[in-house]
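Have a look at the structure below before the remarks.
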Amino acid sequence: MCGMPSGVSKQASAHERDLVRPTAEDEVAAAGSELIGGPLGRHALLGTSWWTPVRVIALVAIGMFTLGLVQKAPCYNGAWFFGASSQYTHACYSDIPHLYQGRGFADGLLPYFDQLPGDMQFLEYPVLTGLFMQVAAWLSPGGGSIQDQEQTYWLVNAGMLMACAAVIAVCVTRTHARRPWDGLLVALAPAFALTATINWDLLAVALTAAAMLMWSRGRALAFGVLLGLATAAKLYPVLLLGPLLVLCWRAGRWREYATALGGAIVAWTVVNGPVMLFAFDGWSKFYTFSQERGVDFGSFWLILAQNSSDPLSTDTVNTLATLLMLLCCAGVAALALMAPRRPRFAQLAFLIVAAFILTNKVYSPQYVLWLVPLAALARPRWRDFLIWQACEVMYFLGIWMYLAYTTSGDAHKGLPTDGYHWAIGVHLLGTVYLCAMVVRDILMPERDPVRRAGDDDPSGGVLDGAEDVFGLGPAVHHARHAARLEGARVEWGGPGATGGTAGSL
């Protein structure tokens, strides 16, 4: 395959180039395809039939989501309502039915404006998520017992979240135009199906995936607006503005970044402003709760606390976790500015969100949803993706078995504390492993599955194929050859070098 053209004659449009077939470049994908008749042929007429990749992947995602609903059936049929530990032993817990009454929706209370009875005075979720919860409550017919109402509320939410799951699958499929089948990583991710209806995170994930799609199409304002809305639903999407700042700095794309930033600020303000103005105490509960919340499930801070005779205070943990996150941000920025070839946007987006998850004082099992679409775009390799997913499924089972142990009284049915610490360790190691693979791809672009196929940064929008105007260390040197890998030779370099593959791949 010839090297990627540079300058005016850069790339042909995605519609004029062959789609990348994972079964032709990924041995795990090829082996898995045997279950449905073997690898897809180069001359298959898939694109001319109704069964386009986008439609296939959307249907697969909906099918997997439905299997996740079936997995919750024991809880729906009673475990949510009877027995302290049965919802944990069946690994089917969900916040959704419990918070229907616990956050005042059953009583018609308005989030943020009406004070709640009990210890939690106001809804502890960002405004757009609160609106999502309220709309589901309005769509849930009243009447019947509280159990009937909670079941109905969960079903309504499940339907709305299924739509979010389909949006995520479609957006990931369309972000890398030549690699639509990478969307199957999202659609078939087991941890995605298992955790999809634990909470309302899919709303923010869907908005973030849509924002990534808009940026890949060069629509900076739409990206900013969608990312601002995503941040109004969950805090983590704002982290993507950091890597994007460094990449736009390296490429000199300040106007596009300013447009995206402005759109994000305006969209976030439009959603939050009215609630902030008229119900500040309710609006601020999410932020104060996050600050005051102690060390909790899934974090390495919990392992330290449960093995210490004098655990760190919450304020100390907040400070240390913030410092660790800032160090990770500095590391990602240095990587972006010093890498011999400018990293892809999806790679840095995955790394920064993973860093937040690894350093945070809590890791709820549904947080894996934040990473799944980014992982599919950053490292579309089935082996590494499935290794990471296996670790997350083990953690998913571990936390519920640990809660079963702690709620079963003297019977102690489930996973003891030491066993749960091992489950946390597996989750941490799995995430670190995938981060290491992404960092290796950045430092050695010839190992990057996306760039091996001849692309530069298909999720980068205006960054795709752009010349560098700034860099540090190796990034400022002239283009040079990397070490040989299976006959492939990859060129990259300093300002003016667009990079590409040379030789036969």
Side-chain angles (χ1 to χ4, degrees), residues 126 128-129 164 167-168 171-172 174-176 186 201-251 253-254 256-269 271 325-326 328-337 339 342-360 367-379 431 434-435 438-439 442 450 457-464:
L128 198 59
T129 296
C164 292
V167 168
I168 295 166
C171 288
V172 172
R174 295 175 65 88
T175 296
H176 288 180
V186 175
D201 293 63
L202 280 184
L203 172 62
V205 178
L207 289 168
T208 304
M212 293 284 290
L213 174 61
M214 290 298 100
W215 182 263
S216 74
R217 302 296 175 87
R219 299 174 63 181
L221 180 59
F223 165 82
V225 169
L226 287 166
L227 197 71
L229 294 175
T231 306
K234 205 75 179 180
L235 188 59
Y236 87 90
V238 74
L239 295 172
L240 271 63
L241 290 173
L244 190 60
L245 170 63
V246 182
L247 292 173
C248 288
W249 180 11
R250 183 163 173 175
R253 299 290 185 170
W254 292 111
E256 290 83 357
Y257 183 80
T259 300
L261 179 62
I265 292 173
V266 170
W268 185 90
T269 303
V271 173
M325 183 59 190
L326 289 175
C328 291
C329 291
V332 171
L335 181 65
L337 293 175
R342 189 174 59 246
R344 294 188 289 109
F345 179 33
Q347 291 174 319
L348 294 191
F350 172 81
L351 289 178
I352 204 68
V353 175
F356 180 71
I357 282 176
L358 292 170
T359 59
N360 200 17
Y367 289 1
V368 69
L369 297 171
W370 305 355
L371 286 177
V372 169
L374 298 176
L377 296 173
R379 177 66 181 167
T431 304
L434 197 54
C435 288
V438 173
V439 170
I442 292 173
V450 175
D457 186 5
S459 62
V462 295
L463 300 171
D464 187 22

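- The structure places SG of Cys329 at 11.0 Å from CG of Leu351, a figure rounded to the nearest 0.5 Å.
- Of the candidates Leu226, Val353, Val205, Thr208, Pro237 forms a side-chain contact (heavy atoms from CB on, under 4.5 Å) with just one, namely Thr208.
- Interatomic distance, Leu239 CG to Leu244 CG, rounded to the nearest 0.5 Å: 12.5 Å.
- Shown here are the salt bridge (charged side-chain N to carboxylate O under 4.0 Å, His left out) partners of Arg344, two or more places apart in sequence or in another chain: Asp448.
- Nearest heavy-atom pair across Leu229 and Leu128 is O-CD2, 3.3 Å.
- Residues Leu377 and Val450 have side chains not in contact (no heavy-atom distance under 4.5 Å, counting atoms from C-beta outward).
- Residues Ala346 and Ala378 share a closest heavy-atom pair of O-CB, 3.6 Å.
- Counting all heavy atoms, side chain and backbone alike, Cys164 lies closest to Leu202 at CB-O, 3.7 Å.
- In this structure, Phe223 and Phe345 have perpendicular ring planes: the angle between them is above 60°, well past the 30° mark.
- In this structure, CE in Met214 is found 13.0 Å from CG in Leu227, a value given to the nearest 0.5 Å.
- Tyr257 places a side-chain N or O within 3.5 Å of a backbone atom of Leu241 that can act as its donor or acceptor partner.
- Between Leu337 and Trp249, some side-chain heavy-atom pair lies under the 4.5 Å cut-off.
- Annotation: the span from Lys234 atom NZ to Leu203 atom CG amounts to 10.0 Å, rounded to 0.5 Å.
- The closest side-chain heavy-atom distance from Leu348 to Ile352 is not below 4.5 Å.
- Across every non-hydrogen atom of Val172 and Pro373, the tightest pair is CG2-CB, 3.7 Å.
- Counting only distance, with no hydrogens or angles, the side chain of Thr129 and the backbone of Ala233 share a donor-acceptor pair below 3.5 Å.
- Scanning all heavy atoms of the two residues, the minimum distance from Pro458 to Ser216 falls at O-CB, 3.5 Å.
- The minimum heavy-atom distance between Gln347 and Ile442, with the atom names listed, is OE1-CG1, 3.4 Å.
- Once rounded to the nearest 0.5 Å, the distance linking CG of Leu240 with CE of Met212 reads 6.0 Å.
- Val246 places none of its side-chain heavy atoms less than 4.5 Å from the side chain of Arg250.
- Between Arg342 and Asp457 there is no salt bridge, since none of the side-chain N atoms of the basic residue sits less than 4.0 Å from a carboxylate O of the acidic one.
- For the pair Met325 and Phe356, the minimum side-chain heavy-atom distance is below 4.5 Å.
- At least one side-chain heavy atom of Asp201 sits under 4.5 Å from a side-chain heavy atom of Trp370.
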- Between Tyr367 and Tyr236, is a side-chain contact (heavy atoms from CB on, under 4.5 Å) present by the stated rule, with each step listed? CA-CA 10 Å; Tyr367 289 1; Tyr236 87 90; over 6 Å; no
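- Expressed to the nearest 0.5 Å, how far SG of Cys435 lies from CG of Leu358 amounts to 5.5 Å.
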